[in-house]
Peer 1: 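Take this structure first; my questions come after.
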2 protein chains.
Amino acid sequence: MSLSPVAKELSIPVIKTACSNCNLRELCLPFGLSEEEMARLDELINVRKRVKRGEHLYRAGQPFESIFAIRSGFFKTDVLLEDGRDQVTGFQMAGELLGLDGISTEHHSCNAVALEDSEVCYIPFSRLEQLSREIQALQHHFHKVMSREIVRDHGVMMLLGTMRAEERLAAFLLNLSQRFTARGFSHSEFNLRMTREEIGSYLGLKLETVSRAFSRFQEEGLIAVQQKHIRILDIPGLKQIMSHHSH
Amino acid sequence: MSLSPVAKELSIPVIKTACSNCNLRELCLPFGLSEEEMARLDELINVRKRVKRGEHLYRAGQPFESIFAIRSGFFKTDVLLEDGRDQVTGFQMAGELLGLDGISTEHHSCNAVALEDSEVCYIPFSRLEQLSREIQALQHHFHKVMSREIVRDHGVMMLLGTMRAEERLAAFLLNLSQRFTARGFSHSEFNLRMTREEIGSYLGLKLETVSRAFSRFQEEGLIAVQQKHIRILDIPGLKQIMSHHSH
DNA sequence: CGGGGGGTTTGATCCATGTCAACCGCAGCG
DNA sequence: CGCTGCGGTTGACATGGATCAAACCCCCCG
């Protein structure tokens, strides 16, 4: 888990993993830390890893030792039931943390798969705990991140428990749009990294239903879809669908 | 939020809130702490409160300052959508923590309502953070508790996203049974504290569907239902239903 | 002891979404 | 450059659970 042999041998100046010069620091763990505190966090995070599209970052059941911060790319997490059913529990993008579910049992409880070529920082958990005993701001921010995950999950439960298909998809698109915006991308135009089936799994729908809902939104002029490319044309319209609870 | 005036005036020896003599300590925050560490945790938890059946412990939007440990009783948490829809996000019993979702925004994100007369310990959050900077075991255990909440939520997402009505109810009953067992109650006989409607809300079903599923289980000899009283007759049978994924 | 009301059960019907199947279209590869 | 195959779209039909409605049961209260 240290620098690659090749890099060592050739003395290639390896880009140092450093929160302090990461452009995602406002979205990620270092949020709110002073320069000096961030330097200490940097010390702890010295492994970066590339994960190619389709590869697993970790699998359910593996021993948990690190959480991961996504530097670039896009992931999904999913859980598998004994009988073969599975469900996507989330999609994660740059600046978000992966692996928090592993803390509870010291084993990962889900699979994390890259949906495009990605890069992550390893954050050894016991060292993170150690540092967060010393840096209050880090501790507090970490707690907020975990709590936010819980709130997010409640939102998904709400979606799965009370919304109809088109409401779910509208909520999903608006959520993506908002997260892309926070990362400086266009809020109205992006490429989906996941298939219709993966969207469906996340939203508790079949892929055909997802596809039909996309078509319907397009007919109504709310979005323009072309395969994985999405343009959002009418954000208020989508919001209205989300809360249009007709029945 | 301190001792009641009456108690003060009459110098009634008020039962001290003390984790060290709470019979739920193995299920609650103090898990794994030494005597001395537990004593320090005791210092921090000096407010207990009774919450009558039907009363709110907190409401969505209120400022967050404490988490709560349930000493006795039974709660539900629910979230409300703007359009009036709501969903029960969980049922909590003795030894479990309430309020973790409030950390992220420093405001509670859901309502917590007592489903029977209950008693909770206030755990001021900033002091908990302070203490967990000093006691590693406390810090680690707290992280595990938050992580467990995330894992639990993923389980509910799975349930809502992939299971059919009877599977959901079977999973729900088995979960309750298991939690009652962990608290030393019968695993096969208990009283539901919530209505059919609340169960339905939690499981993403209508109350009629919940009622029908109960009746079906009874016909098949899996359980005996009489109003809120449940006897579980065939745990393996229920487990089989849960994973019988026929379609 | 006789209402009254909230919670529950049960039946009849409807509808959103699942299922099955055919076809399309783009991307990757020989 | 034309297969080949995966992912996506669309249609026809099936069905699980929602909806609407009625009746029931138990508990509380007068």
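Predicted model only: the values in this text are computed from it and were never measured. Reminder, nothing fancy here: chain letters follow the sequence lines and each chain counts from 1.
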Peer 1: Look at Lys49(A) together with Glu119(A) and state whether they make a salt bridge at an N to O cut-off of under 4.0 Å.
Peer 2: no
Peer 1: Whole angstroms only, please: what is the CD-P distance between Glu166(A) and dT17(C)?
Peer 2: 8 Å
Peer 1: Which residues, if any, of residues 215-231 of chain A bring a heavy atom under 4.0 Å of DNA chain C?
Peer 2: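 Heavy-atom cutoff 4.0 Å gives no residues at all.
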Peer 1: What contact category does Gly204(A) fall into here, base, sugar-phosphate, or nothing, at under 4.0 angstrom with non-hydrogen atoms?
Peer 2: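 Since only primed, P, OP1 and OP2 atoms lie under 4.0 Å of Gly204(A), the category is sugar-phosphate.
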Peer 1: Which of parallel (below 30°), tilted (30 to 60°) and perpendicular (above 60°) describes Phe185(A) and Phe180(A)?
Peer 2: perpendicular
Peer 1: Name the closest nucleotide to the Lys206(A) side chain, picking from dT9(D), dG17(D), dT19(C).
Peer 2: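 Output: dT19(C).
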Peer 1: Does atom NZ of Lys239(A) have more than 12 heavy-atom neighbours, drawn from other residues, nucleotides or ligands, at distances under 6.0 Å?
Peer 2: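 Atom NZ in Lys239(A) is not crowded, with 12 or fewer foreign heavy atoms closer than 6.0 Å.
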Peer 1: Which nucleotide, dT8(C), dG7(D), dG18(C), lies nearest any side-chain atom of Thr195(A)?
Peer 2: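 My answer, after comparing the listed nucleotides, is dG7(D).
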Peer 1: Measure from the side chain of Thr209(A), starting at C-beta and using heavy atoms only, and say which of dG7(D), dT10(C), dT17(C) lies closest.
Peer 2: dT17(C)
Peer 1: Within this structure, what is the CG-to-P distance between Asn191(A) and dG8(D), rounded to whole angstrom?
Peer 2: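 These atoms are roughly 12 Å apart.
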Peer 1: For the residue pair Tyr58(B) and Phe68(B), does the interplanar ring angle fall in the parallel (under 30°), tilted (30 to 60°) or perpendicular (over 60°) class?
Peer 2: parallel
Peer 1: Could you check how far CD of Glu208(A) sits from C1' of dG11(D), rounded to whole Å?
Peer 2: 11 Å
Peer 1: Rounded off to whole Å, could you give me the CE-to-P distance for the Met163(A) and dT17(C) pair?
Peer 2: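 Rounded to the whole Å, the gap is 13 Å.
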Peer 1: CG of Leu207(B) versus P of dA22(D): gap in Å, rounded?
Peer 2: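 From Leu207(B) CG to dA22(D) P: 17 Å.
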Peer 1: By the definition side chain to side chain contact (heavy atoms under 4.5 Å, CB included), identify the one residue from Leu173(B), Leu233(B), Asp234(B) that meets it with Phe217(B).
Peer 2: Leu173(B)
Peer 1: More than 12 heavy atoms of other residues, nucleotides or ligands under 6.0 Å from CD of Glu197(A): yes or no?
Peer 2: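 Counting other residues, nucleotides and ligands, CD of Glu197(A) stays at 12 neighbours or fewer.
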Peer 1: Expressed as a whole number of angstroms, how long is the span from Glu197(B):CD to dG6(C):C1'?
Peer 2: 11 Å
Peer 1: Would you say His154(B) and Gln87(A) are linked by a side-chain donor-acceptor pair, where the criterion is simply a distance under 3.5 Å?
Peer 2: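 Looking only at side-chain atoms, His154(B) and Gln87(A) do not form any donor-acceptor pair under 3.5 Å.
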Peer 1: To the nearest 0.5 angstrom, please state how far the CE atom of Met93(B) sits from the CG atom of Leu115(B).
Peer 2: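 Going from CE on Met93(B) over to CG on Leu115(B), the span is 12.0 Å.
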Peer 1: In whole angstrom, what separates Leu115(B)'s CG from dG6(C)'s P?
Peer 2: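 The distance from CG of Leu115(B) to P of dG6(C) comes to 18 Å, rounded to the nearest Å.
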Peer 1: Can you pull out how bent the helix from dC1(C)-dG30(D) to dG30(C)-dC1(D) is, comparing the axes over its first five and last five pairs, to 10°?
Peer 2: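 Angle reported: 30°, given to the nearest ten degrees.
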Peer 1: Kindly check if the number of other-residue, nucleotide or ligand heavy atoms within 6.0 Å of NE2 (His187(B)) is above 12?
Peer 2: no
Peer 1: Rounded off to whole Å, could you give me the CZ-to-P distance for the Arg168(B) and dG17(D) pair?
Peer 2: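 Rounded to the whole Å, the gap is 7 Å.
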Peer 1: Please state whether the base of dG11(D) and the side chain of Arg212(A) form at least one donor-acceptor pair under 3.5 Å?
Peer 2: yes
